[in-house]
Amino acid sequence: MSFIFVAQLFAIFAFATCGGYSGQLRISVDCMEKASSNLSIGIDFAYPFRLYQVSFEAPACEGMRRERVFLIGDYSSSAEFFVTIAVFAFLYSLIATIRNHNSRHEADFVVTVVFSFMWLVSSSAWAKALSDVKVATDPDEVQLLISACKDQTNKCGSVHGSRWSGLNTSVVGLKNWCPRRVG
Ligand SMILES: *[C@@H]1O[C@H](CO)[C@@H](O)[C@H](O)[C@H]1NC(C)=O
Ligand SMILES: *[C@@H]1O[C@H](CO)[C@@H](O)[C@H](O)[C@H]1NC(C)=O
């Protein structure tokens with residue numbers, strides 16, 4: 001496999017999974033006082049996963065009062081680092097495609113080594129951030145942030161969690177791919 005091919009695959013993967021990701025979880029808050037319940041609260045989040053900026057309104061289960069709740073955490077540095085490396089890999093691969101292939105092999109080799117290293121660092125940082133994002137957006141964890149849910153007389157539940165299939169691939173796939181220089 002040539003470096004150019006791998007770099008392009010990496011870039012497409014990173015955009016399709018991390019950079020392009022948006023997810024939604026949905027929870028229910030069933031107050032003892034039924035009228036104030038909301039059985040379907042949707043919470044949307046997306047790249048770059050600055051979760052502390054993501055908020056939603058939950059019933060306070062006291063009359064019609066509601067409270068604004070914020071998710072916890074900021075995973076943007078790992079996510080942006082991962083996508084930035086992908087952007088550079090993609091740009092470099094474009095330049096390499098249009099350039100004379102017989103020249104500057106030394107430079108190609110150095111760039112490939114640097115990218116391989118950055119790739120490992122960025123994908124492992126992102127793998128760690130991703131597992132934290134999964135916990136922070138787990139409906140069971142999010143319920144703990146809602147005051148009304150701390151009161152046993154109200155019932156809180158998870159309607160659905162976020163779908164992670166695309167993101168799993170981004171991390172799993174990267175572990176198996178390292179850029180290799182051919183020719
Ligand atoms: C429940 O919460 C959603 C926001 O996720 C809101 O759009 C909807 O109007 C709320 N429903 C009630 C009955 O308050
Ligand atoms: C994604 O990973 C989680 C654990 O982190 C696992 O429970 C889930 O089944 C995986 N999904 C896919 C589609 O592989």
Side-chain angles (χ1 to χ4, degrees), residues 9-90 119 121-177:
L9 273 184
F10 171 55
I12 290 164
F13 232 60
F15 298 140
T17 54
C18 174
Y21 186 82
S22 69
Q24 194 198 51
L25 64 137
R26 198 167 275 279
I27 55 179
S28 66
V29 178
D30 191 3
C31 305
M32 195 174 64
E33 193 188 324
K34 297 291 176 203
S36 47
S37 304
N38 188 337
L39 300 182
S40 182
I41 303 169
I43 304 153
D44 298 307
F45 61 95
Y47 175 83
F49 307 101
R50 280 193 190 90
L51 297 182
Y52 71 93
Q53 290 179 349
V54 175
S55 70
F56 61 95
E57 290 220 317
C61 295
E62 291 166 14
M64 282 310 185
R65 208 169 62 77
R66 292 199 222 168
E67 67 163 345
R68 181 153 290 277
V69 180
F70 288 83
L71 300 185
I72 293 170
D74 181 1
Y75 302 97
S76 59
S77 58
S78 302
E80 284 170 346
F81 182 37
F82 180 64
V83 171
T84 303
I85 295 302
V87 170
F88 279 111
F90 188 71
W119 187 327
V121 173
S122 71
S123 62
S124 55
W126 172 233
K128 167 76 175 76
L130 176 56
S131 67
D132 294 343
V133 169
K134 283 184 179 177
V135 171
T137 59
D138 183 325
D140 294 332
E141 294 293 322
V142 173
Q143 283 165 38
L144 302 176
L145 306 173
I146 304 173
S147 341
C149 300
K150 289 172 186 144
D151 184 339
Q152 299 294 313
T153 55
N154 305 315
K155 296 274 172 287
C156 296
S158 137
V159 181
H160 70 73
S162 193
R163 260 180 250 110
W164 290 109
S165 54
L167 275 171
N168 275 15
T169 346
S170 82
V171 174
V172 174
L174 287 171
K175 280 186 186 144
N176 302 328
W177 288 348

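In this chain, residues are counted from 1 in sequence order. When a ligand or atom number is given, it counts from 1 through the structure's own listing order. Computed from a prediction, not measured in an experiment: that's the story for all the values here.
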Report all side-chain donor-acceptor pairs from residues 35-43 shorter than 3.5 Å, counting only partners two or more places apart or in another chain.
from  : atom 1 : to    : atom 2 : distance (Å)
Ser36 : OG     : Glu33 : O      : 2.9
Ser37 : OG     : Asp30 : OD1    : 3.2
Ser37 : OG     : Cys31 : N      : 2.8
Ser37 : OG     : Lys34 : O      : 3.1
Asn38 : OD1    : Ser40 : N      : 3.0
Ser40 : OG     : Arg26 : NH1    : 2.5

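Each of Leu25, Ile146, Asp44 was checked for a side chain to side chain contact (heavy atoms under 4.5 Å, CB included) with Phe56, and the lone residue meeting it is Ile146.
For the pair Val121/Phe81, a side-chain contact is recorded, criterion being any heavy-atom separation below 4.5 Å from C-beta on. In this structure, the side chains of Cys61 and Val29 come closer than 4.5 Å at one or more pairs of heavy atoms. Using a 4.5 Å cut-off on side-chain heavy atoms (C-beta onward), Tyr47 and Phe82 make no contact.
The contact shell of ligand 1, taken as protein residues with any non-hydrogen atom closer than 4.0 angstrom, comprises Asn38, Ser40, Ile41, Gly42, Arg66.
At distances below 3.5 Å, at least one donor-acceptor pair connects side-chain atoms of Glu67 with backbone N or O atoms of Ser147.
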